[in-house]
Amino acid sequence: MSVTSKSSSAFLTISELADDLGLPQHILRYWETRFPQLKPLQRAGNRRYYRPEDCALARQINQWLNVEGYTVKGVQKILSSGAKPDTGALAVAETPRTDEVLDIFPALIAIRNRLSRALSATD
């Protein structure tokens, strides 16, 4: 049965959730070791069943890691601060303001030019 034919309140197996996210199953098992908030039900034979809230969290983790480019440690920090799967506020809050970037931009260019000169001097 495909994920699209299931009710939104239905539990998903690890293979169904992995297919839905476009990830291999071992990635979800790895995430369970790194994100204690992700706790699917485990039945006989360690078969995993992801509740709707687990699915939402896995989708959010996937968004942070694979779309927005956060590290595992960064996502752990976000989740430990109490972020819910639907909140994008923390991701926005961590983005530097345009005026902050513009303030440091000349200094970054100067550093880049200095490094470039140093590297060309060693050639």
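Listed by chain and residue number, nothing satisfies the side-chain hydrogen bond (donor to acceptor under 3.5 Å, both in side chains) test with Gln37 (two or more places apart in sequence, or in another chain). Remark: Ile111 engages Leu115 in a side chain to side chain contact (heavy atoms under 4.5 Å, CB included) (not counting sequence neighbours). By the side chain to side chain contact (heavy atoms under 4.5 Å, CB included) test, Pro24 is found to be paired with His26, Ile27, residues two or more places apart in sequence or in another chain being considered. Under the salt bridge (charged side-chain N to carboxylate O under 4.0 Å, His left out) criterion, Arg47 pairs with no residue at all, not counting sequence neighbours. Scored by the side-chain hydrogen bond (donor to acceptor under 3.5 Å, both in side chains) test, Gln76 finds no partners at all (sequence neighbours excluded). Here Arg114 pairs with Arg117 under the side chain to side chain contact (heavy atoms under 4.5 Å, CB included) rule; sequence neighbours left out.
Of all non-hydrogen atoms in Trp64 and Leu79, the two that sit nearest each other are CZ3-CD2, 3.7 Å. Nearest heavy-atom pair, Leu38 versus Asp54, reported as atom, atom and distance to 0.1 Å: CD1-O, 3.5 Å.
Hydrophobic clustering, with ILVMFWY side chains joined whenever heavy atoms are under 4.5 angstrom apart, groups Leu12 together with Phe35.
No side-chain heavy atom of Lys39 sits less than 4.5 Å from a side-chain heavy atom of Glu32.
Among the candidates Thr13, Leu28, Leu57, the single residue satisfying the side-chain contact (heavy atoms from CB on, under 4.5 Å) test with Tyr50 is Leu28.
Here Leu21 contributes atom CG and Cys55 contributes atom SG; the two are 8.0 Å apart, rounded to the nearest 0.5 Å.
Within the 3.5 Å criterion, the main-chain N or O of Arg43 finds no donor-acceptor partner in the side chain of Arg48.
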